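A short worksheet on the structure shown next.
Residue numbering restarts at 1 for every chain, and letters A, B, ... go by the order of the sequence lines. Treat the numbers as computed from the prediction; the structure is a model and nothing was measured.
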There are 2 protein chains.
Amino acid sequence: MANEAGALCISSTNLAEFIGVNSCQIRKDFSYFGYLGIRGSGYNIEKLIKKIKSILKITVVQKAALVGVGNLGSAILSFPGFAVYGFNIAAAFDVSPQKIGKKINNVKIENISKLWILKRKKVNLAILAVPSEAAQSTTEKLVKAGVKGILNFSSCYLSVPKKVKVITTDIAMELARLPYYIPAG
Amino acid sequence: MANEAGALCISSTNLAEFIGVNSCQIRKDFSYFGYLGIRGSGYNIEKLIKKIKSILKITVVQKAALVGVGNLGSAILSFPGFAVYGFNIAAAFDVSPQKIGKKINNVKIENISKLWILKRKKVNLAILAVPSEAAQSTTEKLVKAGVKGILNFSSCYLSVPKKVKVITTDIAMELARLPYYIPAG
DNA sequence: CTCTGTGAAACCTTTCACAGCG
DNA sequence: CGCTGTGAAAGGTTTCACAGAG
């Protein structure tokens, strides 16, 4: 049984169709996680979610800091989607005196010079939404504050020690990928 | 000669180091574009940029529409980064009467029921920043309005005709990828 | 009979290593 | 001598096809 709300299981064929890939892709990938399907019925959805969350290490609530409360940063602070994956924006920082002290979505904006408190607060993850010019220097402060993972929204390459992981997502570049697929006319 | 500001050429080794990949990767990839390097000196930077822009079809200014002027949508409207790739946000749409008629960054927010004007305005690209519940139905309206490419910020899969290209970028999912790389402790 | 899990085959990407141009 | 461009080798991923569990 593999269908809409209330279903306990989903087959590789159904799941593949749903996300637009081939069904053996799903089976091969899941097989690397061990035996988690039931022959004849498919994959138990709850078990699958638990397994994926445990692989991604998002079983417990993860604290993240936001650095740079401009337009994008404010949008991120108000973004409801993080809760789905169990994220909690535990702190926000900016340089602008007009912003420091204000609260957005119940998170108080701190002076960026106080980044070191992340170490004490045991915040491992940071979302970097500062202008490109400030990206590398802010990254270095984050690394000093003990941050181990950075989600970088600036369009530049960040140089970090090997133990720190950076994921860059450049909105303008994503948009720039679209015209390639569109026939002229 | 391949170095800082003012340089005309960059070698595969330099470029590779700069973006964190292997140099033969660069040479092999560029070789598919034809002969564009100069043995002994490297790749002419200006020529390289032109070539990449022509492949991506971003040599002329591309018009894009924004749909959904919430927190994220407003941030996108004020985002200066699109100009780098020659994008122009030519129109913005929302459902909320409080927002319709207002201007952000010199773009007037229109009623979403007027999406059809995109056809007349020859806008091929749309940035979708509406709540997940509205994503599929808004997509269908965009397709009817002749949009050929959609940059989707909602976390859901969009079903579209084959001739339409969707690129999804889920901010929360990007953040969810980070903990995997971080050793427990 | 349905659907998983998996070897084997096909396909694709990355790296090596070097001939040869500027 | 420096650096590109490229065959060949290595490495990785996707698809096929089917045995066998439920």
Want to settle it: does A:I38 or A:K28 sit nearer the 5' end of DNA chain D, counting the closest nucleotide to each? A:K28
Can you check the A:L15 CG to C:dG5 P distance for me, whole Å? 13 Å
Starting at atom CG of A:N22, determine the distance to atom C1' of D:dA17, rounded to an integer number of angstrom. 12 Å
How close do A:K51 and A:L36 get, heavy atom to heavy atom, and via which atoms? CG-CD2, 3.3 Å
Take atom CG of A:L48 and atom P of C:dT4, then tell me their distance rounded to the nearest Å. 11 Å
Please report the distance, rounded to the nearest Å, between CZ in B:R27 and P in C:dC21. 17 Å
More than 12 heavy atoms of other groups within 6.0 Å of A:F18 CZ: no
Heavy atoms under 4.0 Å, any strand shown: does B:F30 hit a base, just sugar-phosphate, or nothing? nothing
Think B:Q25 has a side-chain N or O under 4.0 angstrom from the OP1 or OP2 of C:dT15? yes
Counting the benzene-type ring for Trp, do B:F82 and B:F79 have ring centres under 6.0 Å apart? yes
In whole angstroms, how far is the P atom of D:dG12 from the OH atom of A:Y32? 11 Å
Within this structure, what is the CD-OH distance for the pair B:Q62 and B:Y85, rounded to the nearest 0.5 Å? 14.0 Å
Give the rounded distance in Å between these two atoms: CZ of A:R39 and C1' of C:dT4. 5 Å
Which residue lies more 5' along DNA chain D, comparing B:Y35 with A:C24 via nearest heavy atoms: B:Y35
Would you say a side-chain N or O of B:S12 is under 4.0 Å from OP1 or OP2 of D:dT4? yes
CG of B:L36 versus C1' of D:dG5: gap in Å, rounded? 11 Å
OP1 or OP2 of C:dC3 sitting under 4.0 Å from any side-chain N/O of A:Y43? no
Could you check if a side-chain atom of A:I117 sits within less than 4.5 angstrom of a side-chain atom of A:V123, using non-hydrogen atoms only? no
Length of the line joining B:I10:CD1 and D:dT4:P, which is rounded to integer Å: 10 Å
Contact class for B:I26 (heavy atom, under 4.0 Å): base, sugar-phosphate, or nothing? nothing
